[in-house]
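Remember, it's 1-based here, ligands and their atoms both numbered in the order they're listed. Just so it is clear, the values below take in all heavy atoms, side chains as well, and ignore hydrogens, waters and symmetry mates. Just so it is clear, the model here is predicted, and its values are computed rather than measured.
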Amino acid sequence: MKPDLFESPDYFMLDDLLSEEHKLVRDATRQWVKRSVSPIIEEYAQKAEFPKELLGGLAEIGAFGPYIPQEYGGAGLDQISYGLIMQEIERGDSGIRSTASVQSSLVMYPIFAYGTEEQKKKFLPKLATGDLIGCFGLTEPDHGSNPSGMVTNFKDKGDHYLLNGAKLWISNSPFADIAVVWAKNEEGRIHGLIVERGMEGFSTPETHNKWSLRASATGELIFDNVKVPKENLLPGKNGLGAPLGCLDSARYGIAWGAIGAAMDCYDTALRYAKERVQFGRPIAATQLQQKKLAEMITEITKAQLLAFRLGQLKNEGKATTAQISMAKRNNVEMAIKIAREARQVLGGMGITGEYSIMRHMMNLESVITYEGTHDIHLLITGADITGIPAFS
Ligand SMILES: Cc1cc2nc3c(=O)[nH]c(=O)nc-3n(C[C@H](O)[C@H](O)[C@H](O)COP(=O)(O)OP(=O)(O)OC[C@H]3O[C@@H](n4cnc5c(N)ncnc54)[C@H](O)[C@@H]3O)c2cc1C
């Protein structure tokens, strides 16, 4: 792969709106990605393997629980810092960002927000250092966009719960130490349970043959009469709103992360277009390539402003689920379109692993589907503005 020459586009001088802390966190993450992710990521993606050697570095830069308070091992940062960290990691690879998102928003967040003091003290510091890696089990083979139909269930057996069912498409499941699993109790109410590797009847087979997020491990969670200790139930919130609260946080991170992938594609295409000579002049001198590049920077700038404002709203505790849906949907679509256009700017070279664009493009096919599909986010906006849900 080519050396990482990335220069961040900032057409509307967004840096002027960031605090010194934001810039420090962003720049430290950027340097780490250049140093640790870029040199190895293509090889791992080609062999379809998650680079476990990055886990320690992710923990060191504060990517595991950026906004979790320091007393529980988190970095105690604000939501804009969290977003900037996700942006920079996804600039390197969406799969690595997925691991950080899952650990922070889908594992640490529910334990922090819905867990007991004992659960927080037991799990959060180790998750922050990467000594424990977590995954999040909501999706099932027959229930993806409609998780309320889930059939995974647990029964109260007096001194423990008995868990049965299966989850599919679970990021990090093949090597995770713990899983935050969403299952129905005997009354049909959804609760979160912490399932630990080694519990009898719990297995995590890997899903192979993915053309997308190849540097991220995806798998199943299978529960065959798993005895879960009662102290592993998250008591603070139940019902579908509990997992959806986690998804709000993760989707917010994706809205920023997708900008990173788009910036990398744009920066690569711009550099290539200025260097590549055809018909005696750089292809950047042609109107057709300028149109592509000008539209890319326009869309990136709009996405940056959307994410920044959403970050302010999140910091103030005012961001709504529908606003987060709009930002996730818009920014991921923006990124995937830019990846496709940027790939063309590079001609044949665009399809090779010498450049990051094709990998980003394939990764974004997952990002546009997980954490709520592109369609479902549109329906969330539709329901919000009309007051009429059109899901079923
Ligand atoms: C790489 C990867 C990693 C993932 N990681 C996780 C994870 O860590 N944890 C987890 O729990 N899940 C995870 N997922 C699952 C992901 O969230 C689901 O794939 C997603 O929610 C969609 O569910 P589905 O694939 O079952 O598609 P379906 O729900 O079957 O949807 C298929 C199509 O139908 C459309 N559709 C569905 N309902 C409607 C409707 N009412 N109106 C119009 N169109 C509709 C959808 O938009 C989509 O285009 C991951 C998925 C992938 C691909």
For this session: From the options Thr99, Asp375, Asn146, select the one whose nearest heavy atom is closest to atom 48 (C) of ligand 1.
Result: Asp375
For this session: Describe, in one word, how the ring planes of Phe223 and Phe202 are oriented to each other, choosing from parallel (under 30°), tilted (30 to 60°) and perpendicular (over 60°).
Result: parallel
Problem set entry | Close-contact set for ligand 1 against Glu371 heavy atoms, below 4.0 Å | 17 (O)
Seminar exercise, completed: Counting from 1 in the order shown, the ligand 1 atoms closer than 4.0 Å to a non-hydrogen atom of Leu379 are 40 (C), 42 (N)
Exercise. Counting from 1, what ligand 1 atoms have a heavy atom of Tyr370 closer than 4.0 Å?
Worked result: 2 (C), 3 (C), 4 (C), 16 (C), 17 (O), 50 (C), 51 (C)
For this session: With heavy atoms under 4.0 Å as the rule, classify the contact between Ser171 and ligand 1 as side chain, backbone, both or neither.
Result: both
For this session: For Lys23, look at atom NZ and say whether over 12 heavy atoms of other residues, nucleotides or ligands are found less than 6.0 Å away.
Result: yes
Exercise. Looking just at side-chain N and O atoms, do Tyr252 and Ser105 make a donor-acceptor pair shorter than 3.5 Å?
Worked result: no
For this session: Check whether the ring centres of Tyr44 and Phe50 lie less than 6.0 Å apart, and answer yes or no.
Result: no
Exercise. Quick one: which ligand 1 atoms are inside 4.0 Å of a heavy atom on Leu138?
Worked result: 11 (O)
Exercise. Would one find an N or O of Phe136, backbone or side chain, under 3.5 Å from an N or O of ligand 1?
Worked result: yes
Exercise. Do any nitrogen or oxygen atoms of Ser366 lie less than 3.5 angstrom from nitrogen or oxygen atoms of ligand 1?
Worked result: no
